[in-house]
There are 2 protein chains.
Amino acid sequence: MEHAVGWRHDEHGEPEGGGAGPDAGAILRAAATVLAHDRNAPLSEVAEAARVGRSTLHRYFPDRDGLLAATYEEALSEIGRVMEEARVEEGSALEAMRRVVAAHVEVGDWVVFAFGDTANEVFDDAPDAADPEPEILTDLVRRGQAEGVFDPDADPAWAVQVLWALVFTGLERAGRGQMPRHAVAPAVVRTLERGIGVRT
Amino acid sequence: MEHAVGWRHDEHGEPEGGGAGPDAGAILRAAATVLAHDRNAPLSEVAEAARVGRSTLHRYFPDRDGLLAATYEEALSEIGRVMEEARVEEGSALEAMRRVVAAHVEVGDWVVFAFGDTANEVFDDAPDAADPEPEILTDLVRRGQAEGVFDPDADPAWAVQVLWALVFTGLERAGRGQMPRHAVAPAVVRTLERGIGVRT
DNA sequence: TCTTTATGGGACTCTCATGTCCCATTATGA
DNA sequence: TCATAATGGGACATGAGAGTCCCATAAAGA
């Protein structure tokens with residue numbers, strides 16, 4: 001897969017699955033929020049969260065899979081947007097990594113929705129799904145290793161997955177009120193950099 | 001609601017965790033394996049995995065929630081067993097933590113099943129569910145902090161959740177063949193202790 | 001061996017979510 | 001104002017899974 005990841009929504013009129021109407025965005029946002037929390041939530045809940053009738057929801061997205069796919073696309077788009085803003089290639093790897101974490105936390109619902117369900121078959125056949133944010137983050141890790149700030153023995157893919165896992169954990173705790181939302185990114189960053197061990 | 005779990009309709013078997021009829025244990029094991037991978041898998045899949053007819057499954061566990069609850073109980077029992085063997089209180093906190101990680105990885109399916117689904121309402125009212133392995137692990141973290149080997153600024157609850165998250169991540173990667181199973185515990189331990197930063 | 005028990009398959013009902021269709025109501029805009 | 005489009009609710013059909021029941025068969029025990 002070329003790293004021309006699908007994040008970047010089409011300008012207009014997508015042929016299938018994503019009917020781009022008036023505020024399809026509101027529906028997609030609602031879908032991300034609801035489905036991030038429970039991927040098997042009935043569409044009636046999504047419609048309710050989007051403050052639209054179930055009929056209207058079906059009018060925009062004929063079937064569930066279409067909605068899922070469109071939400072996934074939108075998620076990649078949102079994540080791509082904040083990743084853009086995070087300027088991954090600029091500055092030190094350490095700084096970049098911190099910005100990346102903050103970016104992910106910022107669009108938490110989208111992240112959880114898009115990468116939260118490990119056993120998801122719907123996206124397996126998506127053109128750009130297989131491997132989200134394919135190289136960018138592993139490249140960042142490698143850069144950090146080259147700079148001597150990241151553990152040179154760590155598998156970059158493992159490191160990236162750890163980053164995601166920590167972001168998830170933080171968002172989850174925040175969602176339960178076990179931790180203020182603004183504390184998530186710092187906690188993730190600190191743990192990512194040092195683990196829970198002491199600085200020797 | 002009390003533990004009105006319908007399992008165990010005969011008198012011999014005895015206490016919790018152990019098992020009810022002939023090989024209810026096999027069914028529970030199958031349930032854990034299947035449901036850890038997909039919590040919404042139909043019961044027919046569980047029955048198939050257990051090499052039992054759907055009728056028989058329903059004979060042991062009248063309804064889905066009952067099966068879920070029993071599997072959860074069994075999971076706690078299994079985890080408790082390996083935690084016992086891990087002798088959490090003995091030795092240095094660092095060594096104990098390593099044994100704990102290994103123990104969790106060892107009973108991976110049970111762990112994933114029991115703690116994998118964040119949005120699960122079935123167990124909320126379970127007698128002992130609210131807070132699994134309640135104090136033991138947070139105590140371990142505190143002990144490590146007292147010994148000066150764990151970050152004194154880390155919230156013990158956060159540290160424990162990180163431990164779980166890393167175990168999950170490792171098991172997931174192993175399940176996909178992205179990492180040999182025997183490498184999971186070491187990777188988790190290393191990351192837990194040092195993060196992905198370099199030892200300064 | 002004969003008896004008792006457990007098993008598994010099939011058939012059935014029930015519930016819930018999905019997807020479709022229709023229509024009255026409301027918003028939008030010319 | 002009137003005309004058009006969008007909305008939301010209700011009614012309906014469909015399909016999947018859960019849960020129940022029954023019965024022929026296989027296993028276990030006396």
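Values below: all heavy atoms of this structure, side chains included; hydrogens, waters and symmetry mates excluded. In what follows, every chain begins at residue 1, and chains take the letters A, B, ... in the order their sequences are listed.
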I'd like a list of close polar pairs between nucleotides 3-5 of chain C and the protein, N/O only, cut-off under 3.5 Å.
none

Exercise for the section: Answer yes when A:Glu84 and A:Arg81 have at least one side-chain N-carboxylate O distance shorter than 4.0 Å, and no when they do not. Expected result: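 A salt bridge is absent here (no side-chain N lies under 4.0 Å from a carboxylate O).
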
Problem - Nucleic acid footprint by protein, nucleotides 10-23 of chain C - heavy-atom cut-off 4.0 Å, B for base, S for sugar-phosphate alone - result: BB-----SBBB---

Practice task
State which residue, out of A:Val167, A:Leu163, A:Val162, A:Leu171, fulfils the side chain to side chain contact (heavy atoms under 4.5 Å, CB included) condition with A:Val188.
Solution key: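 With A:Val188 as partner, A:Val167, A:Leu163, A:Val162, A:Leu171 yield a single side chain to side chain contact (heavy atoms under 4.5 Å, CB included), made by A:Val167.
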
Practice task
Quick one: list whatever passes side chain to side chain contact (heavy atoms under 4.5 Å, CB included) with B:Val52, sequence neighbours left out.
Solution key: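 With neighbours one apart ignored, the set is B:Ile27, B:Ala50, B:Thr56.
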
Between [X] and [Y], is any pair of side-chain heavy atoms under 4.5 Å apart?
{"X": "B:Glu90", "Y": "B:Glu95", "answer": "no"}
{"X": "A:Val82", "Y": "A:Trp110", "answer": "no"}
{"X": "B:Phe113", "Y": "B:Arg39", "answer": "yes"}
{"X": "B:His37", "Y": "B:Thr33", "answer": "no"}

Practice task
Answer yes or no: does a side-chain N or O of A:Thr56 lie under 4.0 Å from OP1 or OP2 of D:dT7?
Solution key: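 For A:Thr56, the contact criterion (side-chain N or O under 4.0 Å from OP1 or OP2 of D:dT7) is not met.
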
Practice task
Output yes when at least one side-chain N/O atom of A:Tyr60 is less than 4.0 Å from OP1 or OP2 of D:dA6, else no.
Solution key: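 Negative; the distance criterion is not met.
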
Problem - Value in whole Å for how far the C1' atom of C:dG9 lies from CZ of B:Arg51 - result: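 Whole-Å distance recorded here is 18 Å.
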
Exercise for the section: Measure the distance from CD1 on A:Ile27 to C1' on D:dT7 and round it to the nearest whole Å. Expected result: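 After rounding, the reported distance stands at 11 Å.
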
Practice task
Answer yes or no: does atom CD of A:Glu193 have more than 12 heavy-atom neighbours from other residues, nucleotides or ligands under 6.0 Å?
Solution key: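 Yes, CD of A:Glu193 has more than 12 neighbouring heavy atoms, counting only those of other groups under 6.0 Å.
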
